[in-house]
Participant: 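The structure under discussion is supplied below as structure tokens; questions concerning it will follow.
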Amino acid sequence: MHDVNVVIAGAAGEGIQTIGAIVSKTVLDQGYAVFTWQEYESRIRGGQNSYSIRISDQPHNTPLIEADILLALNAEAVEKYRPLIKENGILISGESSEGSSIRIPFSKVAKDELGKKIYANTVAVGALIGALGIDLKTLQKEIKNRFADKADEILEKNRLAAEKGYEMADEGCRDLCPWNLPKRDGRFYHISGNEAIALGAAYAGCRFIAAYPMTPSTEIITYLAENENLGVFAEQAEDEIAAIGMAIGASYAGTRAMTATAGGGFALMVEHVSLAGMIEVPVVIVVGQRPGPATGLPTRTSQGDLLFVIHAGHGEFHKLVLAASDPLDAFHKTVRAFNLADKYQIPVMLLTDQFLTDSGFSFEEFDIDGEKPATFLADPDAIEDYKRYQLDDSGISPRLYPGQSKHLVGVDSDEHDERGHITEDLVNVALPMAQKRLAKNKKLKKDVMPPQEIALDEADTVLVGWGSARAALLEALDLLKADGINAGVIHFSEMWPLPDYSFPANKKFWTIESNATGQLARLLRSEYNVIFEGRIHRYDGLPLTADFIRTNFNAKRK
Amino acid sequence: MHDVNVVIAGAAGEGIQTIGAIVSKTVLDQGYAVFTWQEYESRIRGGQNSYSIRISDQPHNTPLIEADILLALNAEAVEKYRPLIKENGILISGESSEGSSIRIPFSKVAKDELGKKIYANTVAVGALIGALGIDLKTLQKEIKNRFADKADEILEKNRLAAEKGYEMADEGCRDLCPWNLPKRDGRFYHISGNEAIALGAAYAGCRFIAAYPMTPSTEIITYLAENENLGVFAEQAEDEIAAIGMAIGASYAGTRAMTATAGGGFALMVEHVSLAGMIEVPVVIVVGQRPGPATGLPTRTSQGDLLFVIHAGHGEFHKLVLAASDPLDAFHKTVRAFNLADKYQIPVMLLTDQFLTDSGFSFEEFDIDGEKPATFLADPDAIEDYKRYQLDDSGISPRLYPGQSKHLVGVDSDEHDERGHITEDLVNVALPMAQKRLAKNKKLKKDVMPPQEIALDEADTVLVGWGSARAALLEALDLLKADGINAGVIHFSEMWPLPDYSFPANKKFWTIESNATGQLARLLRSEYNVIFEGRIHRYDGLPLTADFIRTNFNAKRK
Amino acid sequence: MPKENEFENDVASQWCPGCPNFNILDAIKSALVELKKSPDQVCLISGIGQAAKLPHYLQCNFFNGLHGRALPAAIGIHATNPQLTTMVVTGDGDCYGEGGNHFLHALRRNPDITVVVHNNEIYALTKGQASPTTPAGEKRSIQAKGVQIAPLNMPAIAIIHGCGFVARGFAGEPKHLKDLLVAAVRHRGLSYIDVIQPCITWGTRPFSWYKDRVQQLDDDYDTADQSRALEKVMESSEKIPIGVLYQASERKVFGHRFREIVDQRPLPELDPIDAEEIKSLLQGFRSAP
Amino acid sequence: MPKENEFENDVASQWCPGCPNFNILDAIKSALVELKKSPDQVCLISGIGQAAKLPHYLQCNFFNGLHGRALPAAIGIHATNPQLTTMVVTGDGDCYGEGGNHFLHALRRNPDITVVVHNNEIYALTKGQASPTTPAGEKRSIQAKGVQIAPLNMPAIAIIHGCGFVARGFAGEPKHLKDLLVAAVRHRGLSYIDVIQPCITWGTRPFSWYKDRVQQLDDDYDTADQSRALEKVMESSEKIPIGVLYQASERKVFGHRFREIVDQRPLPELDPIDAEEIKSLLQGFRSAP
Ligand SMILES: Cc1ncc(C[n+]2csc(CCOP(=O)(O)OP(=O)(O)O)c2C)c(N)n1
Ligand SMILES: Cc1ncc(C[n+]2csc(CCOP(=O)(O)OP(=O)(O)O)c2C)c(N)n1
Ligand code: SF4
Ligand code: SF4
Ligand SMILES: [Mg+2]
Ligand SMILES: [Mg+2]
């Protein structure tokens, strides 16, 4: 099938999120894969936001910008988003706007026929489902589920509202709506990056999260706090410094612990990242990227914090930086983050971005098997004289936690001896201890996964990207093929330390990044000596899409 | 002349700093250049510290480790520092130790002959000056100056104590002491890195400093607070976040402002560095390096924060990172830091390290002329409709300050329009504004000074280093020449952005750095594609010396 | 003479229609008019949050900085140019959460600035998490089972530390709030107004709940009585007192000693230091001739 | 049974000989013995400063973290394993300066930990700058003309916020201090002791100055009376009261609700979550069959 893209536009507070959620669940239940993507302003009411639903028979987890159907909830939304409508696309709108394909006075219908304006959005939902040619039954089922714990009257009114909208769209549609999405037996998971990370953390054995609210990472702690029976102690901290401080304390005390924030909040955690490096206490930090500097564009997306995160922290110590490609990858990377943090007793940063965290991705399978949660604690009974920082060529000393046994566990942010006590003996104690910590990198580097190579054999052009851009890169290959270009992809999702890897010979490399200065390019140049033929940067706060890549590639290549 | 190296060793609180200060001033007044270097533990009393005085006829501003004369104030100090004594060197010590060349019971003499033990250190000073063959007169003058505002009796007792020590050394010395430092007419400035930075800041027009105490940068605010008539508002902040926040506020309000800290304190400032980048408010931040991670070795030296500082801050914005070579350079770099911060409306970081800040360097001239303080404010009268962030190809918008004129000055950490108001217009406002900020780099890069090239013509080996290692690198050239190696130096003191520069062809490059991971090497590789033949790293908390470089070079070269 | 509309600007608001923040904005504008200030004499400083957007909505100098960090910026601005009317506009999350340490230490310094806290007992911009003033038990997004920890009492902390002007306002009484603002700005030294600002989107109680409870302090309430003031802000009562809770004789203002050295002039107006002065200081580092 | 010397270790001290910190160390060791704790049951957390070095000088688990950040670490440790005897050892700079915000919010949380502040009214380790408790007027290295700003009164802040155990100790009365420590550790919830600890190197007053002024609270002093306690810590008097200033009935301890979910077990002892539980949650994200 041809993918169908539905865009719902309106002001914050007008309900596009509820409409979007009901419609996408209905489409999903009809047996299709949906990819949902939101772009919104940093405010609670007003402004103009959109919620896009890409419908396909197989998961296509990257946004389409052009709309087959635009549902606009107000006149301004019509103005702002109308340019997105495809040649044969349609506009569905309420009373307030001109030039619609299908104009349904949602509020009036709701008021007149159902007695209350609040049902207007359900009328709109019905209209959209109607225009898509989906069975009303599927929608009614979803409405029943969603309003199950509301009063009967409310449920009934919503059913009627949906029916009303459905019928009116049916009428209006006639020759306008070619779409037809009959029930099929596809079944998909539909999940966002943050939800996957929260679940991944619980699965990995994380029992403590402290965080300070910050877009786009707030949902991780929110999910864990709401799902209390996962047994994760979730504490909203007074600031980001306290958040990571508590997580490190918890981890020292023997549990897996994490925090989650955005670039600005992470900036406040940097001193503690260095602390974790020094005291060798594992900790996992999710950094959701958004455009900076400073507060920047708080609800938009970016890949602008890569080099900052890699180099964060004073002094020299090892850390691991991962970048999730999509929610399934994010789930597994979260488990990996906890495992490797424990294995090497280091801080691990997991990079996401607003696009990944807020979008809903589809997966046919969501297989949680893969890397299993594994802990790397020493056995207290096997140790006679315990030294927290016992020198070892691997750089890894036996880790116990306080209260676990008779063995005492002391950690110190000063340079220290094997028992964690402050030292000023530069030659005999400080230097070997620094060398011990730095020795970890040898093994760690080998544990890092090399980039994923896609369609390299035939390719003469290779798109090099990272993190959440993966699906867009893959889709771009298809588009470029149509333009007669044989392209492949090298995709990085484990960013630091970089593994041993050689770029293939005789290809032209392009970096594709959601930032202005080409951070991945700089990183790869210094590690692999690779030369880039071209660069595509997007830094307007919107995600990379296949179309954006193709257009820019064609414009820039000679 | 052959340089003479004197090492004074003792516990914290025993007075080695006072002894060192009197002796070095006396040597200075005798007409010699002195380089003083201290290494000490992070405690207030006890431990074992040393204060070295290198004496020469021309400034040699890098430590010698071996001692011609060791003055040890206690038995442990004798044990710890005795290995430093050269073949024909001598040990001067008090009653408590064995095996001295010259043993003078300082305390007993003080007690018996002067009535109080507290004169013991002055006895020691006298002995040292005697052993060095310096006129007692020069010492007595210095003592007179130093105790001028004390009671007559105290002054007199000190004079006598010095005389006593001088005479006893004279006796003890006989055939042991070949040194002879007759009065000559050299005149030198003797100044530390922090003192030079404080003076440079005042000269540059800085009127506001806020800082939180942290070794090795505390002396900058201390000096400015003590010298109140320089008219610098000096405020001790509650934490480093407040320190930089106040400085940025002050700068926005129209004055030149700075803060000073170490790596760990800077880690807390990172969010504000990004803020300065976004709101385009100039600010100067001195980062005194010491070994990390975390608290590390608080009173030792390091060059371990280079990549951290260069990449500090979320989001993408330009900054300038300078690294001072010595106090004279630090003075001028401070002026440059303020000028370039103003010119480009960016944050500027000036890197120092404990070695540079705590050591006393000699200079024949301390010429403050050079780059003059220059401000880059717009003229309010020439502007009709003022826009703080007016778009401009140079990236630089006219800067005014609030209250300066009728024009209103608004700055915003969110992405903003030309008047500083929050924007959500991604295409028409946010993107051009981001591009405007990023455009600064073009000119900025040209303002950055290329590295200094020394003796490259003849050289087949080139030592590449940065910051405070300069004098050690230069001295290493001489030592290597004696080993038959033709070496040159490329020395960087302006670290980011890196200027256009080409490494000379057909030479072997070695990096010499006070860190473990080769941060300069990584930086240069990614910017200049240069390949390094060898690397010398020192990361035990002690400074690079010519001897260390030579020894390691010879050990590592094939 | 400034006219009412001198402070108006045409920046579109990002607040929810009907948000009580609009009343606070109006009160600030009216107060500035009453104080006969012109926009160029005024500097508003804020952090991040709904409250912190306020400086965009009037005509004046403004510094909209980082979340929680308005106070340090304001102190730097005030130290540099005490002639500006410096006002911090902040939220309960901004000022009592992320920025709590700066508030404590601002009390110590006593800068001549006015701090206005839009206290909506919530993190509004980030969609309704508990703030340091959310009452225990209230359900919030991260506090799904209700807030488990006790709220902070910042007015009490201010009173204890002898802050010279501590008041509570109510966004539903803009005229009263305006009077408080006028008095606060006139006070030399730190003045602090905690403004009850019910959030109509995330709040759990209707506006009328507040309207019914808010009560102006009696005319015979002695604002100079520190222990009475402390009792007032600590007592749990049906009524929420608004007005000036505590007003003390003026303490020395931040930087007063330094001001004397620079003849009370704003720092940007000072002449640059003479190179000769630096050279003469440098002679102190030099060996004797 | 633990013996006195179980807590002794042989780490060489970095404190100045004769520093009153040694007395505090002794008091802590004696208190732990009296409490019948063994070293493995005890965890001491500190930041950076002279005070913060204390955990190195006794036999126990310890976390010597960042300057100002002992409290967040302690809260994380306590949340993870409430069975540990968790004690924060900190300085006036560490706890009231850099870490001021964490102290405020620790009061809100009421974790079952003991906070011991070595209050020497100075930044000792960095060589004598003013701290948030240095009296106004005192000359310090950065405050060359005397401290210009007012000190913080943290005990008062603690009392206002209903901290259940607020005491002042004196390093010169180690036995009395030991008793305070024993009571503090026994108190369920946050207990806080501000210890007067004259620095003999940077301090301006002789030890005897303190000795002469310190006075134990009367036997009939009612520790349950909050306003009396507040008066006590706010009054300026010739005498400095030491003892338990305020003791309140026990409030709910940090995390008490969560503890029920995990059957009061320390988090490291919990079984891992079953993969099936995650899979079943994931079904909630899946389309209907
Ligand atoms: C360092 C940092 N952490 C977190 C955030 C996210 N954030 C933005 S506004 C806000 C809360 C604001 O609450 P409050 O100050 O009460 O303002 P309100 O929106 O309620 O008016 C937070 C946590 C941020 N911008 N910066
Ligand atoms: C982030 C950071 N800032 C500054 C310092 C430097 N520093 C070390 S100890 C200290 C002051 C300690 O004062 P206090 O807590 O009162 O301890 P004391 O030495 O007086 O016992 C400071 C500022 C640091 N280690 N880390
Ligand atoms: S969310 Fe609340 S505080 Fe924010 S603008 Fe809306 S009503 Fe006002
Ligand atoms: S400097 Fe003061 S507080 Fe520190 S150890 Fe010495 S006497 Fe004690
Ligand atoms: Mg709020
Ligand atoms: Mg102290």
Side-chain angles (χ1 to χ4, degrees), chain A residues 11-14 17 40-49 76 198 209-230 232-243 260-265 267-268 288 290 292-299 358, chain C residues 12-19 21 46-50 52-53 56 63-69 73 91-103 120 122-134 139-149 151-152 199-203:
Chain A
E14 271 191 311
Q17 267 175 318
Y40 54 96
E41 302 185 9
S42 176
R43 60 196 290 171
I44 303 301
R45 299 211 185 287
Q48 291 303 335
N49 304 336
E76 256 187 73
I209 180 169
Y212 189 77
M214 191 160 193
T215 309
S217 295
T218 315
E219 288 78 22
I220 298 172
I221 184 172
T222 308
Y223 185 90
L224 292 170
E226 276 170 357
N227 291 275
E228 208 176 36
N229 54 334
L230 289 171
V232 181
F233 196 120
E235 178 65 5
Q236 180 178 322
E238 58 271 30
D239 55 32
E240 287 84 353
I241 300 174
T261 183
L268 289 164
R290 58 189 227 191
T295 311
L297 291 163
T299 60
D358 280 349
Chain C
S13 176
Q14 293 183 298
W15 288 329
C16 307
C19 174
N21 279 335
S46 70
I48 297 293
Q50 297 285 29
K53 290 177 180 170
H56 291 279
F63 183 108
N64 181 180
L66 294 173
H67 182 53
R69 314 303 172 185
D92 43 329
D94 207 43
C95 191
Y96 306 154
E98 186 87 46
N101 205 29
H102 309 309
F103 188 84
N120 53 12
I122 205 149
Y123 285 13
L125 186 57
T126 48
K127 305 194 181 167
Q129 298 81 18
S131 87
T133 54
T134 308
K139 293 204 170 99
R140 288 289 153 212
S141 60
I142 296 183
Q143 295 73 18
K145 306 288 147 135
V147 173
Q148 305 289 315
I149 64 178
L152 281 184
C199 169
I200 57 175
T201 296
W202 308 110

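Chain naming here is simple, since letters A, B, ... match the order of the sequence lines and numbering starts at 1 in each. All values derive from a computational prediction rather than experimental measurement.
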Participant: Tell me, side chain or backbone of C:Ser141 under 4.5 Å from chain A's heavy atoms, or both, or neither?
Facilitator: both

Participant: I'd like to know if the side chain of C:Trp202 reaches the main chain of C:Tyr123, judged simply by a donor and an acceptor atom lying under 3.5 Å from each other, with no hydrogens or angles considered.
Facilitator: no

Participant: If we ignore hydrogens and angles and just use 3.5 Å, is the side chain of C:Asn64 paired with the main-chain N or O of C:Ile48 as donor and acceptor?
Facilitator: no

Participant: Stepwise, does the side chain to side chain contact (heavy atoms under 4.5 Å, CB included) test hold for C:Asn21 with C:Lys53?
Facilitator: CA-CA 10 Å; C:Asn21 279 335; C:Lys53 290 177 180 170; over 6 Å; no

Participant: Given that the side chain runs from C-beta out, which part of A:Tyr212 has a heavy atom under 4.5 Å from chain C: side chain, backbone, both or neither?
Facilitator: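 Answer is side chain: those atoms of A:Tyr212 sit under 4.5 Å from chain C.
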
Participant: Out of C:Gly100, C:Ala130, C:Pro17, which one racks up the most heavy-atom pairs below 4.5 Å with chain A?
Facilitator: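 Highest number of heavy-atom pairs under 4.5 Å: C:Ala130.
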
Participant: Checking heavy atoms, do the side chain of C:Ile142, its backbone, both or neither come under 4.5 Å from chain A?
Facilitator: both

Participant: Would you mind telling me which of A:Gly264, A:Pro298, A:Ala234, A:Pro213 has the largest number of heavy-atom pairs within less than 4.5 Å of chain C?
Facilitator: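 Most heavy-atom pairs under 4.5 Å with chain C: A:Pro213.
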
Participant: Is the side chain of C:Asp94 donor-acceptor paired with the backbone N or O of C:His67 at a distance under 3.5 Å, no angle test?
Facilitator: no

Participant: So A:Glu41 and A:Asn49, do their side chains get closer than 4.5 Å, heavy atoms only?
Facilitator: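 The answer is yes, as the side chains (C-beta and beyond) meet within the 4.5 Å cut-off.
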
Participant: Taking A:Ala262's backbone N and O only, do any of them form a donor-acceptor pair with A:Arg290's side chain (distance below 3.5 Å, no angle check)?
Facilitator: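 Checked: no pair found.
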
Participant: Picking from C:Lys127, C:Lys145, C:Arg140, which has the most non-hydrogen pairs under 4.5 angstrom with chain A?
Facilitator: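 If we count pairs closer than 4.5 Å to chain A, C:Lys145 comes out on top.
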
Participant: Please flag which part of C:Ala12 lies under 4.5 Å from any non-hydrogen atom of chain A: side chain, backbone, both or neither.
Facilitator: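 Neither part.
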
Participant: Please classify the contact of C:Gln148 with chain A as side chain, backbone, both or neither, using a heavy-atom distance under 4.5 Å.
Facilitator: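 Contact with chain A involves no heavy atom of C:Gln148 at all.
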
Participant: Under 4.5 Å heavy-atom distance to chain C, tell me which part of A:Leu224 shows up: side chain, backbone, both or neither.
Facilitator: neither

Participant: At a heavy-atom separation under 4.5 Å, does A:Thr299 approach chain C through its side chain, its backbone, both, or neither?
Facilitator: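 Neither; nothing under 4.5 Å.
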
Participant: Over all heavy atoms of both residues, which pair between A:Thr218 and C:Gln129 is shortest? Give the atoms and the distance, please.
Facilitator: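 So the minimum-distance heavy-atom pair works out to CG2-NE2, 3.4 Å.
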
Participant: Which answer fits A:Glu228, side chain, backbone, both or neither, if we ask what part of it has an atom under 4.5 Å from a heavy atom of chain C?
Facilitator: side chain

Participant: Name all residues meeting the side-chain contact (heavy atoms from CB on, under 4.5 Å) criterion together with A:Ala260; count only those two or more places apart in sequence or in a different chain, and write none if there are none.
Facilitator: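 With sequence neighbours excluded, A:Ala260 shows a side-chain contact (heavy atoms from CB on, under 4.5 Å) to A:Ser217, A:Ile220, A:Val286, given in chain and number order.
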
